[in-house]
There are 4 protein chains.
Amino acid sequence: MATPVYSGARTAQRGRPRDASRDDALRRAALEVMAEVGYRALTMDAVAARARAGKATIYRRWESKLDLVIDTCTQLAHQNLPEPDTGSLTGDLREFLSGFAAFLSGPIGKAAQALVGELPHEPELAVAFRETFLTTQRDVLRRILERADERGELRPEAPRGMAVELAGAALIYRLMLTGDPLDLPFVDRVVDQVLVPLVAEGHQLTGVELT
Amino acid sequence: MATPVYSGARTAQRGRPRDASRDDALRRAALEVMAEVGYRALTMDAVAARARAGKATIYRRWESKLDLVIDTCTQLAHQNLPEPDTGSLTGDLREFLSGFAAFLSGPIGKAAQALVGELPHEPELAVAFRETFLTTQRDVLRRILERADERGELRPEAPRGMAVELAGAALIYRLMLTGDPLDLPFVDRVVDQVLVPLVAEGHQLTGVELT
Amino acid sequence: MATPVYSGARTAQRGRPRDASRDDALRRAALEVMAEVGYRALTMDAVAARARAGKATIYRRWESKLDLVIDTCTQLAHQNLPEPDTGSLTGDLREFLSGFAAFLSGPIGKAAQALVGELPHEPELAVAFRETFLTTQRDVLRRILERADERGELRPEAPRGMAVELAGAALIYRLMLTGDPLDLPFVDRVVDQVLVPLVAEGHQLTGVELT
Amino acid sequence: MATPVYSGARTAQRGRPRDASRDDALRRAALEVMAEVGYRALTMDAVAARARAGKATIYRRWESKLDLVIDTCTQLAHQNLPEPDTGSLTGDLREFLSGFAAFLSGPIGKAAQALVGELPHEPELAVAFRETFLTTQRDVLRRILERADERGELRPEAPRGMAVELAGAALIYRLMLTGDPLDLPFVDRVVDQVLVPLVAEGHQLTGVELT
DNA sequence: CGATAATCGAGACGGTACGTCGAGTCTTTAG
DNA sequence: CTAAAGACTCGACGTACCGTCTCGATTATCG
C-alpha cells in the first residue's frame, strides 16, 4: 500500500471531499510520535490524538499502522537526496555521501531503522522500503560513477556495483548497528580509503588508518 | 538485562531452586515461535504454552519479551563463530566470512534483524546486541589481520579498522536491507575485490565486475 | 456504585453513544453465569464471552464483578414485589409473603445470598443491598399493617416494627441458612402462628405445631 | 472435610512428628486475616506468612481455603455456647440469647457471614456450617423450652419449633442483613414481645413497640 | 433551494495480549 | 516424615491497543 488510498477516479465525486491537509497533519504526527517512542510503541490512538483527528480519519487513508509509517517515510525521503556534479569523482562522492549521512542522521533515519525488523515479514513494506531508501540512493551513486567514467577517472575493470553497495552498507551499518556517528571524518575515510581506491585510475592503496 | 535473573548473592539457598531445565525449554520455545511468526507476532502466551509453562515462570527469569529474545539469541550466538587459521589471509577471510554468513542466514539472523529496530530505544539491548553480534565477530577479524601482519602479508599503512568494519557492513547490509542472499560467490567477491586489495601487500586493484 | 456509569452531565454527547442494549445483554449473561456456577466462580471472561462482548465493554459500565452483580440484581428486584390489597390483614400478609418467597426462591435469591458475605467489607454494596432487598419489602409490609390498623384490625400496642422485622427474618433465615424450602405451608405458619397473633386484635396464641 | 487431616493411626510413626501447635497458629492466623479483609480477599499466602508457615504446612492439614476456614470457625464455635438454667423461661432465654448475640458479634460472626454465600455451592460446607452454627444453638433452645414445659410454663399447643426458628432468625437477620447491633435491648424485645408470648401460658400479646 | 452522501472528531465496540496475582502442587535444605 | 521457603502450572484479573463501527455535525455536489 504505502500511499493514501483515494477512491480512484470516481464518478463525479459525491459527498464531502477529503481534507488533504489532514494527510500532512497525520504524517507529521506519526513522525513525531515515532521519533519519540519508536515504531513498536507507536499507537494509532497516540497519532490520532496528536493530530486531533479521529482514528477513522487515519484508517480512511492508510490500511494499517505499518502502512502509515511507510508512507510517512517515503514522502519525506523523496525530496532529500542531492545529486551533486562537482566535476570530480572525489568531490561528488564526498558531497553526496555527506548529504545522505545528514539525511539518515535525522528522524527519518530512526524511522527507517524501526522498519528494518519488519522487512522479512512484510513483503510490501520491503518493496517500498528498498525503493525509498536503497534504490534512489544507489541510482545517484551509479550516475556519479558513470560521469566519472566518461571523464576517464575510472579503471576499466573497476567493480562499480560493489562500490555502490559498499557505500550504502558502510553508512547504514554505522547508523543502525554500531551506533557510531555518521560525521564528516567518517565519510571522508570511506571515500578516500575505500571507494576511490576501489574504482579510480592510478590510485595506490595508501589509506591511512585514522580510526 | 538479557540474562535470567537469579536472586544474586548465594544466601544459603532457601526454598525450591529454579529449575534450570526450564530456562532451556523456554528459550527453545521462544526461538521456535519467533522462527514461525517473527518477533512482532511472538506472544508470551504462545511461548508459555509451547513450553507448558506458566507466564510467571517466564517473567521470573526475564523482564520482558525483548529480554527473553535477547537472551535466547545471545545464548545461541556464542558458540557459532569459527576462528580459522589456514595460514593465509585470503583463506582465513574466506573461511570466517562464509561461516559468519551461514550463521546469519539461519534463524538467529532473523532474530537479530528483528532486534535492530529496538536498539535506539533500548540501551541495554544495544549493549548486549553489539557484544553478541558485532564485537565477537570483529575481534576474530582483527586477530586474522594480526596474524597476516605477522606473516608480513599486510601493507604497513593498511586501514585495518576500516577493513573490519566493511566486512561486517557488507554482510549485514545484504542480510537485513537488500535481502540478497549471503552466498559463497558474494563472500568471495567481498574478499577478493575489497578486503584483500584494501590491506594486502602487492595487490593491484584489479577486481572484475561480476554483477 | 451499582449502576452503569455514564459520563454524567449530558455534555453535548460526543463520540459514539453507549449501546444500551449491551447493558441488558451483559446483565442477562451475568445472571445466567451466576445461576450456573455461583458468585465466586463467576468470571468476567465468562460473562463477556456469553454476551459476545469485550471485557472493556463490561468495565466501561461497572467497576468490578461485584458492581455488575449488584446492579444486575437491583435491576431485576425492582419489578417483582406485589403490593396486595385483599381487604384483610391475613389475606394481605399471605399474598405478599408468598410472592416474596417465590421471588427469593428464584435466581435472584441465590444471587442475594452470594452477596451477603461481602456486606461487611463493601459499604456501598451494603447500602444498595439493603435498599433493594430489605427496605422495599419492609415498606410494603408497613403499609399492609397501616391499612389493617385503619380497618381496626390491630391491637393498639401491637409491636408493628417487630412484626415487620420477623417476617423478613423468618423467610431469609430459611432461604440462606437452613436451606429449607420457602413453600406455602411455611408462609401460612408464619402468618398464622406468628404475625397475626403478634399484632391482630382478639387473637389467642393458638398456633398448632406442624413441624 | 473441615477437620485437620491426620494420617490415621499409623504404624510406629516414622519421621518428624507433626507439630500440633502449628494447627492453632494457622487457625489463629486465618481468623485474623479473615476478620481484617473478609473471606474473599483471604489468601493462603497471607495466612502462611502471618503464621510464618509454608503453604504446604497448611495443605497438609486442610484440603483447601474453604476447608481451613470452616474448621477454624467450627473449632471456635464449640466452646462458646452457654446453656443457662435460671429456673424460668424468660431468664433462660434472655441469658442464652444474649450470650449467643455476643458470640455472633465477635469475629466468628463475621466469618460465619462470609461463609453464607458459599453454602449453595458447597454441600460439605453447608452441612458443617449448619451443624456448627444452627443445630447446636437450636438444641440448647429446645432443651430450654423442654425444661419450661416440665415446669408447666408452656401452653400445650405452643409452636415450639417455630419459636426456636424465630429466635435464631431474628438474631442472624440483624447480624448479617440489616447490620443493626445485637445488643441487650434487642434481645429483650425478642424475648418479651415474641418468644414468651408465643409459647408461655397465660401471656397476653401486650408487647410495647419500643423502636 | 433541499436532498443526498461522504467527510470530520469522538469514542464505544469485539478481540487479543499484556503483566500480575492467587490456588494448589512440588522440590529443595534443615531438623 | 515434617518444617519453611519458594518455584511450579493454571487460569482470572483489569488495562491497553488494534481495527471497525456509530454517533452528531459539517461540507460538498446533484436534482
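Proteins get letters first, then strands, A, B, ... in listed order; numbering begins at 1 in each. Small disclaimer: the values here were computed from a predicted structure and weren't measured.
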With a 4.0 Å limit, can you tell me whether [X] has a side-chain N or O closer than that to the phosphate oxygens OP1/OP2 of [N]?
X       : N      : value
A/Arg61 : E/dC8  : yes
A/Arg18 : E/dA5  : no
C/Arg22 : E/dA12 : no

Do any of residues 32-43 of chain D sit with a heavy atom less than 4.0 Å from DNA chain F, and if so which?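 Close to the strand, none.
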How many Å lie between [atom1] on [X] and [atom2] on [N], as a whole number?
X       : N      : atom1 : atom2 : answer
B/Asp23 : F/dC8  : CG    : C1'   : 13 Å
C/Glu63 : F/dC13 : CD    : P     : 16 Å
A/Arg60 : E/dA5  : CZ    : C1'   : 12 Å
D/Tyr59 : F/dA3  : OH    : P     : 16 Å
C/Asp45 : F/dA12 : CG    : P     : 6 Å
D/Leu26 : F/dA3  : CG    : C1'   : 11 Å
B/Ile58 : F/dC10 : CD1   : C1'   : 13 Å
C/Asp19 : E/dG14 : CG    : P     : 8 Å

Starting the side chain at C-beta, find the nucleotide from E/dG24, E/dG9, E/dC18 nearest to A/Thr57. E/dG9
Using the side chain to side chain donor-acceptor pair (under 3.5 Å) definition, which of the options C/Asp71, C/Thr72, C/Asp23, C/Asp67 pairs with C/Trp62?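 With C/Trp62 as partner, side chain to side chain donor-acceptor pair (under 3.5 Å) holds for just one option, C/Asp71.
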Where along residues 46-55 of chain A does a heavy atom come under 4.0 Å from DNA chain E, residue by residue in number order?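 Under 4.0 Å from DNA chain E: A/Arg52, A/Ala53, A/Gly54.
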Under the rule for salt bridge (charged side-chain N to carboxylate O under 4.0 Å, His left out), what residues qualify as partners of B/Lys65, not counting sequence neighbours? none
By salt bridge (charged side-chain N to carboxylate O under 4.0 Å, His left out) - contacts of B/Glu118 (at least two apart): A/Arg40
In chain order, what residues pass the side chain to side chain contact (heavy atoms under 4.5 Å, CB included) check against [X], with sequence neighbours excluded?
X        : value
A/Arg50  : A/Ala29, A/Glu32, A/Val33, A/Glu36
B/Ala114 : B/Tyr39
B/Ala48  : B/Lys55, B/Ile58

What distance separates C/Leu68 CG from C/Met34 CE, expressed to the nearest 0.5 Å? 7.5 Å
In terms of side-chain heavy atoms, does B/Asp19 have a donor or acceptor partner in B/Ser21 at a distance below 3.5 Å?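 Yes - a donor-acceptor pair under 3.5 Å links their side chains.
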Applying a 4.0 Å non-hydrogen cut-off, can you work out what D/Ser64 is touching in the nucleic acid: base, sugar-phosphate, or nothing?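 Since only primed, P, OP1 and OP2 atoms lie under 4.0 Å of D/Ser64, the category is sugar-phosphate.
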Got a list of protein N/O to nucleotides 26-28 of chain F N/O distances below 3.5 Å?
{"unit_1": "F/dT26", "atom_1": "O2", "unit_2": "A/Arg16", "atom_2": "NH1", "d": "3.1"}

B/Arg61 (side chain) donor-acceptor with B/Thr57 (main chain) under 3.5 angstrom: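 Side chain of B/Arg61 to backbone of B/Thr57: a pair is present.
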Mind grabbing the angle between the end helix axes of the helix from E/dC1-F/dG31 to E/dG31-F/dC1? Five pairs an end, 10° rounding. 20°
Under the rule for ring pair (Phe, Tyr, Trp, His ring centres under 6.0 Å), what residues qualify as partners of D/Phe129, not counting sequence neighbours?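 Per chain and number, D/Phe129 pairs via ring pair (Phe, Tyr, Trp, His ring centres under 6.0 Å) with D/Phe133.
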